[in-house]
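Structure record follows, encoded as structure tokens.
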Amino acid sequence: MKIKRINLLLFIFLSAAAFGFAQDAKTTQKSTQKPIKKVSAPAAPAISQDDKAKAEEYFKKGQAFWKNLDINEAIEAFTQALKLYPNYIEAFGERGKIYSLIGNNKEAVDDLTVYLKAQPDSVEFLNFRGTAYSALAEDELKYEENRDKAAANAQKAETDFNRILTIAPGESRALNNRGRIFLLFGLY
């Protein structure tokens, strides 16, 4: 079990370095993000204050698990929070970020899309979703019959990275990740 955790840690840190996440995200986040708010859809069923409080407890547990790199427990805690409070935008964002980092790219795109509907100018989360789209495109390129799907996902990734560069011109992670997409498709 100890070796699996070390391998997982190594994978996460190498992934982060490969995608340029080693920079100080706090500086980018402070200068480019609006305050996070909980958004509820008008047609969503009302939830009790008790369920909302329990969801917030699960969210805090998820953050603690994530901080300790207990990946499965963090995902499960965020999932429990979402079962109790289906419009808990921050839980979608955190779970989507974890999915992106561990390579569950389809799930990452799904969760981060929900988050980005509420926070469309979040550079951090646009980068995670763009990275997930990039990984999906790269996986699909392995099979000739999926070339159109790969191109569509690459276009979505490029759109996310371009959006970042509109919000934060010169943002190096977005430039790096957009460049990877160009290289992947031979757009020199």
Residues two or more places apart in sequence or in another chain: which of them pass side chain to side chain donor-acceptor pair (under 3.5 Å) with Thr79?
Arg95
Please confirm whether the ring centroid of Tyr88 lies under 6.0 Å from the ring centroid of Phe59.
yes
Please indicate whether Glu145 has more than 12 foreign heavy atoms, meaning atoms of other residues, nucleotides or ligands, lying under 6.0 Å from its CD.
yes
Tell me every residue that passes side-chain contact (heavy atoms from CB on, under 4.5 Å) with Ala157, counting only those two or more places apart in sequence or in another chain.
Tyr133, Ser134, Phe161, Ile181
Among all residues two or more places apart in sequence or in another chain, which pass the side-chain contact (heavy atoms from CB on, under 4.5 Å) test with Asn162?
Glu158, Arg178
For salt bridge (Lys or Arg N to Asp or Glu O under 4.0 Å), just list the numbers for Asp110 and Lys106, CA-CA rounded to whole Å, side-chain angles, deciding distance to a tenth of an Å, and then say yes or no.
CA-CA 6 Å; Asp110 293 344; Lys106 174 69 176 109; 2.8 Å; yes
Partner set under side-chain contact (heavy atoms from CB on, under 4.5 Å) for Glu57, not counting sequence neighbours:
none
Which pairs of donor and acceptor atoms, one on a side chain in residues 135-142, lie under 3.5 Å apart (sequence neighbours left out)?
{"residue": "Glu140", "atom": "OE1", "partner": "Ala150", "partner atom": "N", "Å": "3.3"}
{"residue": "Glu140", "atom": "OE1", "partner": "Asn153", "partner atom": "ND2", "Å": "2.9"}
{"residue": "Glu140", "atom": "OE2", "partner": "Asn153", "partner atom": "ND2", "Å": "3.3"}

Indicate whether any N or O donor in one side chain lies under 3.5 Å from an N or O acceptor in the other, for Asn127 and Asn177.
yes
Output the distance between atom CD1 (Ile164) and atom OG (Ser172), rounded to the nearest 0.5 Å.
10.5 Å
Quick one: do Asp50 and Lys54 make a salt bridge, cutoff under 4.0 Å?
yes
Would the distance check show the side chain of Ser100 and the main-chain N or O of Gly96 forming a donor-acceptor pair, the cut-off being under 3.5 Å?
no
Which residues pass the side-chain contact (heavy atoms from CB on, under 4.5 Å) test with Asp148, not counting sequence neighbours?
none
Tyr115 ring center near Phe125 ring center (under 6.0 Å)
yes
Counting distance only, does the side-chain N/O of Glu171 pair as donor-acceptor with the main-chain N or O of Ala174 below 3.5 Å?
yes
Charged N to carboxylate O under 4.0 angstrom, Glu124 versus Lys97?
yes
If every non-hydrogen atom of Phe185 is compared with every non-hydrogen atom of Ala154, which pair is closest and at what distance?
CE1-CB, 3.2 Å
